[in-house]
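Structure first, commentary second.
Letters A, B, ... are given to chains in the order of the sequence lines, protein chains preceding strands, and every chain is numbered from 1. Everything quoted here is computed from the prediction, not taken from an experiment.
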There are 2 protein chains.
Amino acid sequence: MPNLEARQIFQLPPLQAIRVFEAVARHLSFTKAAEELGMTQAAASYQIKLLEERVGAPLFLRQPKQIVLTEAGQRLAPAVSEAFALLSGAYAAARSGADGVLYVSTLLTFASNWLARHLGSFQVAHPSLAVRLDTSNRVVDFAREDIDIAIRSGGGTWPGVEVHKLFNADFTPVLSPKLAASIGGVKEPADLLRLPILDPGDIWWRDWFAAAGLPVEELAKRPGSSMGAQAYEANAAIAGQGVAIVTRALFNAELADGRLIQPFDLVGDDGHAYWLVYPQARRNVPKIRAFRDWILAEIARQ
Amino acid sequence: MPNLEARQIFQLPPLQAIRVFEAVARHLSFTKAAEELGMTQAAASYQIKLLEERVGAPLFLRQPKQIVLTEAGQRLAPAVSEAFALLSGAYAAARSGADGVLYVSTLLTFASNWLARHLGSFQVAHPSLAVRLDTSNRVVDFAREDIDIAIRSGGGTWPGVEVHKLFNADFTPVLSPKLAASIGGVKEPADLLRLPILDPGDIWWRDWFAAAGLPVEELAKRPGSSMGAQAYEANAAIAGQGVAIVTRALFNAELADGRLIQPFDLVGDDGHAYWLVYPQARRNVPKIRAFRDWILAEIARQ
DNA sequence: ATTCGGCATAAGGCCTCCTTATGGGCCGTG
DNA sequence: CACGGCCCATAAGGAGGCCTTATGCCGAAT
């Protein structure tokens, strides 16, 4: 394609030259301006000459001791300064303004059972960073949604994103102590068959049954009511309505204070895990680093 | 010198990228923006990516049918548009505004005896061009003074400037018919010795006396009162106060209407001339071309 | 299902823009 | 008055920013 930018070129000045002009007009010195811009005096001279040729008139009068603006230069200088002030202001705002809000896309269960409990310490550590949660189970596309960082579960293989494993998405049955007591305690896997199974259609149940040596076909007979999220089923379990199969890491608190008990050491693991992910290109963005460092440290503490 | 522009770089965005961003934000399309800027879509994509990396956040969400601004983009776009509007406005003003006034540095005599009589026709031809005369006999330095074009006399060899010869700075004695009649007419050069010589110290008188075969030492005896400009001496001559030595081209009107007469065909010429000069680099500036073309045509008409 | 519109990416080359080196003009000082 | 210092201009040379061409991918619409 031929270079057809002619029209543009006459509407807008060469921007690099304008930047130099702004500095020179401010200092009324090529040398000082060049210093400020981190370039040589010759480069500043070159750019000003360029701009003067484009404008069609000299912008500075070269006088012995110092330079002064010509009439054309005086016309140009104030507006240029103002324009640059605007630009740098907006640029700074876009940089740091965006740093003030962190958009996190997170899975339902993780949000309610992990984030909700720990986010407080992040806020304390980063009081100027507001976190906004986008809670849903879809896999967000960073190119299409305004999301900085996400929690996902799965195999940990997504293209173009940086991934950090948070914990394995293992699974094991849990229930309330009261429910267990109602049948005289849950001592061996087969005891579970005497209790309601929450979301028996979940593939985890089948895997765990198989691993525990229980008849998988039992599951199919059960009334299938899936609530769609571990958090809901766990709440049902806490309420004593049945046995749920959950990832322990998400229920540390309930298991610790006895609202839920894990009757068996047998833990299923299909290789999936919970991951922290964000675009590779943004790995050094301060707010993203802050959140990553915090969450990894928090996970490690458990 | 190491490239130390780091500080700058973080204060101001890459300007070329900003220019592209402005267009993309306006069109909400990489392709259309690239078209407007006279470049390829790939180039626009490249610049936006660059800017996004600098800002540290995506500026656009790439959605199937069209792109939309992210929050960071929305923060940036209005200010950028405004800044560019400012810039292009000021740039245009500096370009055309400077075109509206033509600064002419001119010699005293030329101003009063030639320009003053002809400038009217230039104004008629270029009503939007205001001419400002800077009348003095020094040689202006275009780099140091806010001057577009100048009239100089001399050898015609100045560096860095474009020169056009207007007419030779020849010289010959002139006087009022009345003064000539007062001694019964001026018929041969020696007759002049019976009349007052205006500015006898002028080197032109010596040259002309020598050429006319008159005794040069006569000049030294005369009371020397130099008024410093042909125009003044010519006025004195018109008033009948003596004989002045002047360049004919500057007194065409007086010679034509009889206020002055040129008694002898003998004309001195030291090789000097009147020149139109202006910086070579500005030879294509419209207002300079306009003035040059006009003055050369006007001179040729005589 | 295929095509089309739109953006992303890779590879390669040009040309802008910067650097180094040098010179000139003017001013202050010894 | 000469010399050194400061500042800008200019020339030559080189690196890299930026653009182009070519191609791929994705989603939408025919």
Atom of B:Arg282, atom of B:Ile147 and distance for their closest heavy-atom approach: NH1-O, 4.2 Å
Heavy-atom pair of closest approach, residues A:Arg152 and A:Leu107: C-CD1, 3.7 Å
Grab the [atom1]-[atom2] distance between [X] and [N] for me, whole Å please.
X	N	atom1	atom2	answer
A:Leu50	D:dA11	CG	C1'	16 Å
A:Met39	C:dT19	CE	P	7 Å
A:Glu35	D:dC6	CD	P	12 Å
A:Leu61	D:dA9	CG	P	11 Å
B:Phe142	C:dG25	CZ	C1'	18 Å
A:Glu53	D:dA9	CD	P	12 Å
B:Ile48	C:dT9	CD1	P	13 Å
A:Lys32	D:dC6	NZ	C1'	11 Å

Over all strands shown, is [X] touching base, sugar-phosphate only, or nothing at heavy-atom distances under 4.0 angstrom?
X	value
A:Phe30	sugar-phosphate
B:Ser45	base
B:Gln66	nothing

Counting just side-chain N and O atoms, does [X] come under 4.0 Å of either OP1 or OP2 of [N]?
X	N	result
A:Gln63	D:dC7	no
A:Arg62	D:dA9	yes
A:Thr40	C:dC18	no
A:Lys49	D:dT10	yes
B:Thr31	C:dC7	yes

Quick check: B:Phe291 with B:Tyr103 (ring centres under 6.0 Å apart)? no
In this structure, is the centre-to-centre distance between the rings of B:Tyr278 and B:His164 below 6.0 Å? yes
The side chain of [X] is closest to which nucleotide in this list: [options]?
X	options	value
A:Gln41	D:dC18, D:dC8, C:dT9	D:dC8
A:Pro64	C:dC27, D:dC18, D:dC7	C:dC27
A:Gln16	D:dT20, C:dC18, D:dG17	C:dC18

Nearest heavy atom decides the nucleotide; on that basis, is B:Leu28 or A:Ala17 closer to the 5' end of DNA chain C? B:Leu28
If you find the nucleotide of DNA chain D closest to B:Tyr46 and the one closest to B:Ala42, which residue's nucleotide is nearer the 5' end? B:Tyr46
Within a strict 4.5 Å, meaning less than it, do heavy atoms of the B:Ile151 and B:Ser105 side chains meet? no
